[in-house]
Amino acid sequence: MTTRERVESLRAQLDEANYRYYVLDAPTISDARYDQLMRELRDLEEAHPDLQSDLSPTRRVGAAPSQRFAPVEHATPMLSLANAFSSEELRAFDERVRKLLGESAVRYICELKIDGLAVAVRYRDGAFVRGATRGDGRVGEEVTENLRVIPGVPLRLREAIRGDFEARGEVYLRRSDFDALNLRREREGAPRFANPRNAASGGLRQLDPAQTRERRLSFFAYTLVEPPPEIATQHAALERLRELGFPVNPNVRAVASIDEAVAFCDEWERRRDELDYEIDGVAIKVDRFDFQERLGTVARDPRWAIAYKFKAREATTKLEDITVSVGRTGTLNPNAVLAPVEIGGITIRNATLHNEAYIASNDIRIGDTVIVVRAGDVIPRVVGPIRELRTGKERIFHMPTHCPVCGADVDRPDGEAMARCTNASCPAQLVERLRHFASRGAMDIEGLGDVLAEQLVSGGLVKEFADLYALDAPRLAALDRLGAKSAGNLVAAIAASKERGLTRLLVGLGIRYVGEQTAAILARDFRSMAALAEADESALQRSEGIGPEVAASVRLFFAQARNRAALEALAAAGVAMEERGVAPVADSAIKGKRFVLTGTLATMTREEAKGALERLGARTSESVSAKTDYVVAGSEAGSKLQRARDLDVPVLDEDAFCRMLSETRSPTHR
DNA sequence: CTGCCTCGAGTTCG
DNA sequence: CTCGAGGCAG
């Protein structure tokens with residue numbers, strides 16, 4: 001074999017491996033073998049400069065940086081699609097198409113709309129010669145060298161088509177590559193990217209193609225420009241693109257009616273999170289090219305296709321300010337004040353920014369135009385700025401050194417993420433603690449929410465928890481916006497809370513590391529506040545799940561004179577200091593089983609379901625693991641249900657769950 | 001020491 | 001719901 005033949009053979013093997021990996025998704029050689037072939041080829045090319053070629057897989061490492069991106073005129077304009085936001089609009093589109101064509105039924109092809117950047121790639125005699133961004137559709141930017149480093153873009157077609165050939169598609173970044181990229185940047189101290197599309201867009205427009213390569217961009221082709229006559233439909237064109245060596249998205253469906261297209265849209269709007277890349281809708285195209293031609297294009301949009309857009313999950317808006325609030329544990333929480341923006345039917349005005357480190361690592365500045373997402377989790381997040389829109393007037397945020405409410409020093413212990421107000425009687429903390437004390441999981445005082453807590457503290461009526469129990473209706477009615485009737489209801493609710501029992505009282509006190517579960521264990525093992533107050537750290541650690549940190553925190557709470565006095569005042573007011581409530585059933589079929597509740601149940605609240613389970617001796621927890629016995633999934637169950645399936649944990653729907661409850665209960669009835 | 005598993009804390013809108 | 005961090009088993 002001559003050297004030239006060996007070089008050609010290596011290139012063919014590497015191209016084939018690439019095709020099997022990126023297009024067929026079925027690798028046939030190991031990464032190590034691939035690297036070995038690549039090394040041999042590189043060595044041969046270095047030794048024989050006359051054998052070098054732009055089309056060699058070795059060139060995917062990235063050529064020398066270019067000075068700028070030259071404008072490229074698209075011979076055929078890169079069209080945009082008209083948008084539809086509802087099934088009604090899709091049906092109207094279908095009617096118009098059928099009327100214009102005079103057909104009673106038209107076949108469509110449905111393709112996922114990948115959230116990336118559209119590009120055009122040109123080939124001459126089967127060899128990649130030029131790539132360009134969409135630009136405004138008529139003129140784009142030349143990004144040939146950047147596209148060359150994207151493994152999914154074939155450098156040579158699998159058939160050497162004579163003359164010019166052009167395909168179009170989407171450059172995008174997989175979620176997994178996006179996460180890895182951000183992780184790397186975080187380690188390097190570089191700001192995170194807000195979303196995969198921005199990272200891909202920036203990556204493709206790097207002057208140094210080697211930088212583009214590091215982003216690990218991917219590619220899907222979806223358009224064959226100027227198809228030959230024997231290719232008469234879009235689905236045949238996709239098939240052809242695949243044969244030629246382009247990655248083509250597999251989630252495509254040819255349908256015989258608009259109803260099926262609507263079903264496809266609904267299905268993928270539901271399933272969009274299953275994919276490793278982001279999609280923002282579905283492109284619906286008339287399948288037959290002769291029909292497409294007859295329908296033509298008006299203004300900028302073709303009349304033969306429409307883009308169904310999913311409900312938005314993100315939007316851009318202005319970050320007008322960052323305010324700082326004080327939490328019940330004294331944490332200083334930065335909040336984003338946003339110009340109101342609608343995402344998925346809800347208007348967002350505020351969002352948490354967590355802490356100073358989050359703001360810095362995402363490079364968020366006051367005055368920025370920011371991207372806000374509201375994904376599967378309902379709570380919106382500010383994920384990052386659009387740096388291109390900066391004016392230079394943006395301000396970097398710094399955490400205040402003094403509490404914005406009481407003016408006390410702010411402290412941030414080494415290694416901790418949160419800054420804290422050091423004043424234990426800071427009014428803001430008092431309000432938040434009071435709210436927590438009255439909350440559902442704690443003393444459950446109905447009618448005592450954030451507004452009233454604020455009024456009680458600022459009006460000087462409550463300085464510690466016990467003061468609540470001295471309130472009477474006339475004094476409450478003196479507060480703004482509280483009538484005689486609601487004042488009476490509140491007094492009754494406060495009185496009722498005296499009998500909640502030790503667990504809930506412990507939760508309400510807000511001892512660090514003591515939440516619902518830990519409080520329940522402490523109440524179970526120590527039975528009374530007095531016994532708990534006397535327990536030393538080693539006694540506490542004998543309880544299940546209590547380690548040195550929690551034990552020390554509990555000890556510290558009871559060691560402080562102020563807390564002991566507060567507890568005495570509560571006891572004097574008549575608040576129960578022992579565990580109340582029902583003894584669990586001695587024996588039942590589900591005793592000791594671990595349940596996780598997720599989603600919304602129709603016939604009961606999550607709290608009620610939890611109570612019912614606990615009375616039967618079962619345990620509930622918040623996260624699904626291999627130790628979980630059952631997951632109860634209501635409607636709109638989220639990631640926990642997914643995890644249950646991954647771990648093969650039995651899943652009960654509401655019916656099955658109710659049956660289990662009643663069957664378990666009946667033997668204990670007489 | 002490492003890798004689960006679990007808990008606590010903070011979170012938005014209507 | 002997600003993150004951070006404590007508890008605990010191997």
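Quick note on labels: first sequence line is chain A, next is B, and so on, each numbered from 1.
Applying the side-chain contact (heavy atoms from CB on, under 4.5 Å) criterion to A:Glu544, with sequence neighbours excluded, gives A:Arg524, A:Arg619. Partners of A:Phe595 according to the ring pair (Phe, Tyr, Trp, His ring centres under 6.0 Å) rule, which considers only residues two or more places apart in sequence or in another chain, are A:Tyr630. Scored by the salt bridge (charged side-chain N to carboxylate O under 4.0 Å, His left out) test, A:Arg272 finds no partners at all (sequence neighbours excluded). Annotation: salt bridge (charged side-chain N to carboxylate O under 4.0 Å, His left out) contacts of A:Glu568 (sequence neighbours excluded): none. In this view, A:Asp179 satisfies the salt bridge (charged side-chain N to carboxylate O under 4.0 Å, His left out) rule with no residue, not counting sequence neighbours. Scored by the salt bridge (charged side-chain N to carboxylate O under 4.0 Å, His left out) test, A:Arg175 finds A:Glu278 as partners (sequence neighbours excluded).
Annotation: of the two residues near DNA chain B, A:Ile346 and A:Gly330, the 5′-most nearest-nucleotide partner is A:Gly330. Projected onto DNA chain B by closest heavy-atom contact, A:Thr347 and A:Gly510 fall at different nucleotides, the more 5' of which corresponds to A:Gly510.
Note: CZ (A:Arg313) to C1' (C:dC1) measures 14 Å, nearest angstrom. When the P atom of C:dG4 is taken as reference, atom CG of A:Asn355 falls 8 Å away, rounded to whole Å.
Considering OG1 of A:Thr518 and OH of A:Tyr513, their distance stands at 11.5 Å, rounded to 0.5 Å.
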For nucleotides 8-10 of chain C, print each protein N/O atom paired with a nucleotide N/O atom at under 3.5 Å, atom names and distance only.
| from | atom 1 | to | atom 2 | distance (Å) |
| --- | --- | --- | --- | --- |
| C:dC8 | OP1 | A:Gly545 | N | 3.0 |

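Close approach of DNA chain B to chain A, defined as any atom under 4.0 Å from a non-hydrogen atom of the protein, starts and stops at B:dC5 to B:dG14.
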With a cut-off of 3.5 Å and sequence neighbours excluded, list every side-chain donor-acceptor pair involving residues 189-201 of chain A.
| from | atom 1 | to | atom 2 | distance (Å) |
| --- | --- | --- | --- | --- |
| A:Arg192 | NE | A:Asn362 | OD1 | 3.4 |
| A:Arg192 | NH1 | A:Glu186 | OE1 | 3.1 |
| A:Asn195 | OD1 | A:Arg197 | N | 3.4 |
| A:Asn195 | OD1 | A:Asn198 | N | 2.8 |
| A:Asn195 | ND2 | A:Glu314 | OE2 | 3.0 |
| A:Arg197 | NH1 | A:Asp115 | OD1 | 3.0 |
| A:Arg197 | NH1 | A:Asp115 | OD2 | 3.0 |

